[in-house]
Amino acid sequence: MSLTRITDRLMFVLLWTSAVLVAVVIAAIILFVGKEGVTTFRTASLASVLLSPRWAPPQSFGILIFFLGSLAVTVLAMVIAVPVGLAGSIFLAKLAPEWMRVLMRPAINLFVGIPSVVYGYVGMTVLVPLARQVSGSVGFGLGVAGIILAVMVLPTITTVSEDAIRSVPTALVEGSLALGATRWETISRVILPAARPGILASIILAFARAFGETTAVQMVVGNAPIFPRNLFEPTSTLTSEIIQEMGQTAPGTTWYFSLFLMAFGLLLTSLVAILVVRYVARRGVAA
């Protein structure tokens, strides 16, 4: 057997083993977290945990308020980030001169490498005092957390959407312009519909990233187990509650297992987001 064939066989075995190892590790994490989380229901009913908004260990373990808090912060972040990120991607892909693209792309990608604790610190030192002055409240709350998350997911929406827009066939764009459509009509009625699968994928990925963010949110959201009535009231999320209480819970207690149940919910949310992205991508290819 030649050296080339031996090398090919070894690389095939190495890559196959790596893929299996990754799958096993992911499955082990999901099974472990899921097993620990489901143990909550040995001492607490399903309704009292998943449907109750009251969190008062060791008497009550309702996690609904944290799910609603995570959802509220994430939705607010997406309301801010999606229009801005989509507008930025259109500008970079179709309107910006080449020299500006060269400058803007590394600048946008730089935001991805900034640690989340830096975002949280900026929020605590800049946005929280500003919110305190504007509203007269404590400053920590839903609004500041939503703004911080919006900034954090902007690079994902912008870069993935830009790639989707730039991948639209040139023939479609030129055909639209040749038929007398303006630049804005071509963008809105030809380019964006054609790039819709990639744009939707960027939004879903950004949603999953925002929903699972921990440190930055924990630093500015206020960490109060209540649902906010306005943007300036504090709340708490699944991730912030886990990081806040995991170190002080005794292993083997319902309190301990309920935190794993929150983590399992976050894992399931991420898995659903990945499946939706793959479905959207396949629909886009089929179309």
Side-chain angles (χ1 to χ4, degrees), residues 15 18-19 22-23 26 73-116 118-119 146-179 181-213 216 266 269-287:
L15 295 175
S18 300
V22 170
I26 294 174
V73 173
T74 304
V75 169
L76 177 59
M78 300 306 294
V79 168
I80 299 172
V82 169
V84 177
L86 185 56
S89 64
I90 294 172
F91 176 77
L92 288 176
K94 295 299 178 181
L95 303 176
E98 185 61 31
W99 64 269
M100 187 175 290
R101 293 176 189 158
V102 173
L103 292 177
M104 291 296 295
R105 285 174 185 163
I108 293 173
N109 292 330
L110 180 63
F111 281 94
V112 180
I114 298 177
S116 59
V118 175
Y119 287 103
I147 293 173
I148 292 297
L149 277 183
V151 175
M152 294 181 69
V153 301
L154 265 177
T156 300
I157 297 175
T158 304
T159 54
V160 178
S161 296
E162 183 195 357
D163 291 338
I165 292 172
R166 293 176 67 87
S167 66
V168 174
T170 306
L172 289 178
V173 179
E174 293 177 347
S176 175
L177 295 173
L179 290 173
T182 65
R183 175 186 290 183
W184 296 108
E185 288 175 337
T186 301
I187 291 174
S188 62
R189 300 183 183 182
V190 177
I191 296 177
L192 292 183
R196 185 183 294 118
I199 295 173
L200 290 177
S202 73
I203 295 173
I204 296 168
L205 289 173
F207 182 91
R209 165 76 194 281
F211 197 85
E213 177 55 39
L266 291 170
T269 302
S270 299
L271 289 175
V272 170
I274 292 172
L275 292 176
V276 172
V277 168
R278 291 178 64 87
Y279 174 77
V280 170
R282 288 181 179 178
R283 287 290 300 271
V285 172

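Values reported hereafter were calculated over all heavy atoms of this structure, with side chains retained and with hydrogens, waters and symmetry mates removed. Quick note: residue numbers are just sequence positions, from 1.
Note: Thr158 OG1 to Arg105 CZ = 12.0 Å, rounded to the nearest 0.5 Å. With values rounded to the nearest 0.5 angstrom, Thr269 atom OG1 is found 7.5 Å from Phe207 atom CZ. Summarising the geometry, atom CD1 belonging to Ile199 is positioned 5.0 Å from atom CD1 belonging to Ile165; distances are rounded to the nearest 0.5 Å. Note: Leu86 CG to Ser202 OG = 7.5 Å, rounded to the nearest 0.5 Å. To the nearest 0.5 Å, the span separating CZ on Arg209 from OG on Ser270 amounts to 11.5 Å. The line from CZ of Arg166 to CD1 of Ile191 is 11.0 Å long, rounded to the nearest 0.5 Å.
Side-chain atoms of Glu213 and Val153, non-hydrogen and from C-beta on, never get closer than 4.5 Å to each other. Considering only heavy atoms from C-beta on, Trp184 comes within 4.5 Å of Ile187 through its side chain. For the pair Phe111/Leu154, no side-chain contact is recorded, criterion being any heavy-atom separation below 4.5 Å from C-beta on. The closest side-chain heavy-atom distance from Leu192 to Ile90 is below 4.5 Å.
Looking at Ser167, its side chain does come within 3.5 Å of a backbone N or O of Ala164 through a donor-acceptor pair.
The two residues Thr74 and Phe211 have their closest heavy-atom pair at OG1-CA, 3.4 Å. In terms of heavy-atom proximity, Pro193 sits nearest to Ser188 at CD-O, 3.4 Å. Smallest separation of non-hydrogen atoms from Val168 and Ala195: CG2-CB, 3.9 Å. Scanning all heavy atoms of the two residues, the minimum distance from Gly146 to Leu76 falls at CA-CD2, 3.9 Å. Between Arg101 and Leu95, the shortest heavy-atom contact is NH2-N, 4.4 Å. Contact detail for Leu177 and Ala181: the closest heavy-atom pair is CD2-O, 3.6 Å.
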Exercise. Apply side-chain contact (heavy atoms from CB on, under 4.5 Å) to Ser116 and Met152, showing your working.
Key: CA-CA 8 Å; Ser116 59; Met152 294 181 69; 3.7 Å; yes

